[in-house]
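To start, the structure under review is shown below, and the notes come after it.
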Amino acid sequence: MSHLPTKHYPFREFEPRWQKQWLHSAAFHALNPGERGFDPQKKKRYILDMFPYPSGDGLHVGHLVGYTATDILARYYRLCGENVLHPMGWDAFGLPAEQYAIKTGEHPRVTTEKNIARFRKQLQSLGFSYDWEREINTTDPSYFRWTQWIFLQLYHAWYNPQTEKVEPISTYQGEDVDSLRLAYIAHTPVNWCPALGTVLANEEVIEGKSEVGGFAVERRPMRQWMLRITALAQRLLHDLEKVHWPESIKQLQRHWIGRSEGAEVIFTLRNHPEKTIVVYTTRVDTLYGATYLVLAPEHPLLDEIELSSTTREALTAYQKSCNAKSDLERTDLAKTKTGVPLELQCINPINGEALPIWVADYVLMGYGTGALMAVPAHDERDYQFAQQFHLPIRPVIQTALNSSLPFSGVDGEIINSPLINGLTPPEASKKIIHWLQEHGHGRKSIQYKLRDWLFSRQRYWGEPFPILWENGKHRSLDESELPLEPPTMEDFRPTGNAEPPLAKAKEWVHYSEKVTRELNTMPQWAGSCWYYLRYCDPHNSSSFLGKEVESYWRNVDLYVGGTEHAVLHLLYARFWHKALFDLGYLTTEEPFQRLVNQGMILGSDGQKMSKSRGNVINPDEVIQEYGADALRMFEMFMGPLEHSKPWSMRGVEGIYRFLGRIWRLVLVEQGKGEFSIHSKIVDQSLTESQTRLLHATIKKVTQDIESLSFNTAISELMIFVNALIPLSHCPLECIHVLLRLLSPFAPHLAEELWSYLCNAFPVVKSLGTLASNSSWPTWSEDQLLLKEVTYVIQINGKIKARLNLSAHACEADVQQAALDHPSLQPYLTKGNIQKMIFVPGRLLNILLMP
RNA sequence: GCCGAUGUGGCGAAAUGGCAGACGCAAGGGACUUAAAAUCCCUUUCUGCGAAAGCGGAGUGUGGGUUCGAGUCCCACCAUCGGCACCA
């Protein structure tokens, strides 16, 4: 398959040479305020890639789509004279490294270092213009010191519902401080994955299986660290309005946050008026239609109430069977509903009716109040359940079309409901809520699907919590004791039970005689929640981010990465950012102003690239055969950035040929491997049409880069080059403009050819000794004006002729020219002209009536 | 089921409501060469008439609509991909 094509240009020699030069001269270092040479007049621009997890497989061609796009932008804005922050780093804690380490026995620190070295080398071999002085690594103590520090800020903070802000815990006046912290301990059922030996966040469980490895996940109650992300649910939802993100991603986050407006209704037990059941409903207008209540199997009331021994037995058995079910089984929609009756009744406050109480696992403890009023006539699930257990179904909404039950819409009229008969459902809801509030039977309520973030893992390869335990109580480690490094351990495998592996480091565990350390570690997301902040000030040892630096770089202008992080990383990072904002450490409310998702690169078979399919493309091999410039440029030429598109090695070859044509346009070979400037390149003025083409090219390429339409920018460069090649005398200006336009896409080739031009033409040298450090060419609209334009002449909307007319021709001129045109006469004599539609510079449409 | 994205030649794709298919790949033909590679030139949506230059018709997932004019705007539907899914 693989053949070595004839070398069109000596990229194997010059690409590494320029990479070395850029690296050693720190050519792309962005200056911070206070640094020598910092120019406050320059516009700042922060262009960020989602940093990679340095896996053992090395870089993937899919990574490069986003990285190349941001590199083009970074290089472009630098040429435009902006101060561009374009950093790279490593998201190196996490499960895969640890799983690999367990498999091979090699310590994760060693494999991580190896993988990072490989990734760094690969990225450098693509000529990306990262500021390597800002490289960060989430597993570096000088980095995770501040991850732990931020955790402590959350631990020492609470959400004040009065001010609607995150505040230091010291502003809280009440007793139970620990129950309010943003980082808190909870004993709740969690997603336990026996195969991985750890718990997982809801977001890391896909269809009942672990996202990493695809292992079965079960529910079990455990003591865990949680982050109170739900406190900020409303702001996380609302502030999506403020960012320039793809609508689909915003929509995903909105769904994930899942705000719903409704009411809580209080039902009292019939024979125990002191006991109540609070239900949450979004359809309080159907309150008269409630025919029974349902509690989640985990509902706390179930442990408090007295039941007959047979009912208690049935309940216990049912609870057990629910517990044993995996999440997958429990959320399987196809299955028939299950439940047990409690032989208890409660009173509907609106009409005093006694309703039976059931327990069923279609009610989730984690949402709302863990209890619902069932209105089978107007809810799909309640209807199913009622049918199955022969419970009464009472319609309370009359629809115009007499729709069949269950009817869950809101177009209709309330019936069978004394207080609200004749109202529309929305009107009825308002009235009922008012009534409930007035009589103390309930209130308006807003619920979110979003749950608090399960933040601890029973693994070794993560940030240890800066938390100590004494007599069953937790307290924080002093900030001066950070970083808290994990112990050096030979055996870091999961213990096989719920105890974290750090428990095996007996010495490390004991902080003092009576005080032990927290044994859990943070999840992989911790480090990536704030890395974009650290890039701004990566070497600061007294703060996670200096004030002056923060007020300069502020937040990310453009963030490019895959859709897979839509609800995990992107939501978590926004949460931390907002908390840090409230606590006064940041001056922006959102971390990422603009977000773009690059599409996937599929195998040449159109399938997702995977080892098992054998359609994976290794970028190293592509670079070896065609060079970095060809690889970069092909990935951009394939199609729109956001689209998924299949790989084509022939396509790379096409780009490679194009770059070769540019090489031969500028240089001729004098003997083997010796090149000199082509004699046809002359410093002469441009013809009118050349000027127009030059300016049109500059305009199109500039605008396409700014709108991230790299594929059409490259097409335009091709059109330009195709026009230059046949010229017997090629004006120098065309060439030096071409190279500058090319330099963000194919930086090595542009740099190499630029150096030849510099030696031969002082004019070029005066523009900059490096293409990457010259300036972006500008265009003038005046130069784009045509003397003559082609008018399309249509008759009844069909094109019948094309006329070349002066650009100054007015409507009457064009009409006259069309009516006089000989080839149109046969048509014109066939009917009367009704109307003529004129589009200046473009077309004339003559409407004829026969 | 709900939400979102996409649908244009053999393929990747391009088109502020105004010449559909730019640019590239693949394919075919030619030049150069002893030959090949590389390079350069030409053809290439489908289709009817024509020896040819040329002349005509259809065409952007399907069906409607708005408009002088629709790939582009509106409505309905179909297909593919991605996400969510007993959230009361």
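Residue numbers start from 1 in every chain, and the chains themselves are labelled A, B, ... in the order their sequence lines are given, proteins ahead of strands. Heavy atoms only: backbone and side chains are in, while hydrogens, waters and symmetry mates are out.
Nearest-nucleotide positions on RNA chain B for A:Ala371 and A:Val792 put A:Val792 closer to the 5' end.
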Intra- and interstrand pairs of RNA chain B - dot-bracket, Watson-Crick/G-U under 3.5 Å, | marks other strand: (((((((..(((.....[....))).(((((.......))))).(((((....)))))..(((((..]....))))))))))))....
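The main-chain N or O of A:Ala566 is found under 3.5 Å from a side-chain atom of A:Gln253 such that the two form a donor-acceptor pair.
B:A22 sits 8 Å from B:U45 when the P atoms are compared, rounded to a whole Å.
Backbone-only engagement by A:Tyr827 is indicated by non-hydrogen atom pairs under 4.0 Å involving sugar-phosphate atoms exclusively. At a threshold of 4.0 angstrom between heavy atoms, the contacts of A:Ile719 are confined to the sugar-phosphate backbone, with no base atom among them. Across all strands shown, A:Pro246 has no heavy atoms under 4.0 Å from either base or sugar-phosphate atoms. Using a 4.0 Å heavy-atom cutoff across all strands shown, A:Gln834 reaches no nucleic acid atom at all. Residue-level contact check: A:Gly258 touches neither bases nor backbone, having no heavy atom under 4.0 Å from any strand. As judged by a 4.0 angstrom heavy-atom cut-off over every strand, A:Arg650 is placed among residues touching the sugar-phosphate backbone only. In this structure, A:Asn722 reaches the sugar-phosphate backbone alone: every heavy-atom distance under 4.0 Å involves primed, P, OP1 or OP2 atoms, never a base. Among the protein residues, A:Ser715 comes within range of the nucleic acid bases, having at least one heavy atom under 4.0 Å from a base atom. Within 4.0 Å (heavy atoms only), A:Lys700 reaches no atom of the nucleic acid at all. Contacts of A:Thr563 with the nucleic acid, taken as non-hydrogen atoms under 4.0 Å apart, are absent. Using a 4.0 Å heavy-atom cutoff across all strands shown, A:Leu252 reaches sugar-phosphate atoms only and no base atom.
The phosphate of B:G4 has neither OP1 nor OP2 within less than 4.0 Å of any side-chain N or O from A:His255. Taking side-chain N and O atoms only, A:Asn711 has a distance below 4.0 Å to OP1 or OP2 of B:A14. Remark: A:Arg254 is not in phosphate contact with B:G4, judged by side-chain N or O atoms under 4.0 Å from OP1 or OP2. An OP1 or OP2 oxygen of B:A26 is reached within less than 4.0 angstrom by no side-chain nitrogen or oxygen of A:Ser648. Proximity of A:Lys835 to the phosphate of B:G69: no side-chain N or O atom is located under 4.0 Å from OP1 or OP2.
For A:Lys444, the NZ atom is loosely surrounded, since the number of other residues' heavy atoms within 6.0 Å does not exceed 12. For A:Lys608, the NZ atom is loosely surrounded, since the number of other residues' heavy atoms within 6.0 Å does not exceed 12.
Aromatic ring centres of A:Tyr292 and A:Phe385 lie closer together than 6.0 Å.
Taking all atoms of both residues into account, the shortest heavy-atom contact from A:Pro349 to A:His441 is CB-CG, 3.6 Å.
Under 4.0 Å is where a charged nitrogen must lie from a carboxylate oxygen, and between A:Lys250 and A:Glu241 no such pair does.
Nucleotide B:G9 is shown with a syn base, its glycosidic torsion being within 90° of 0.
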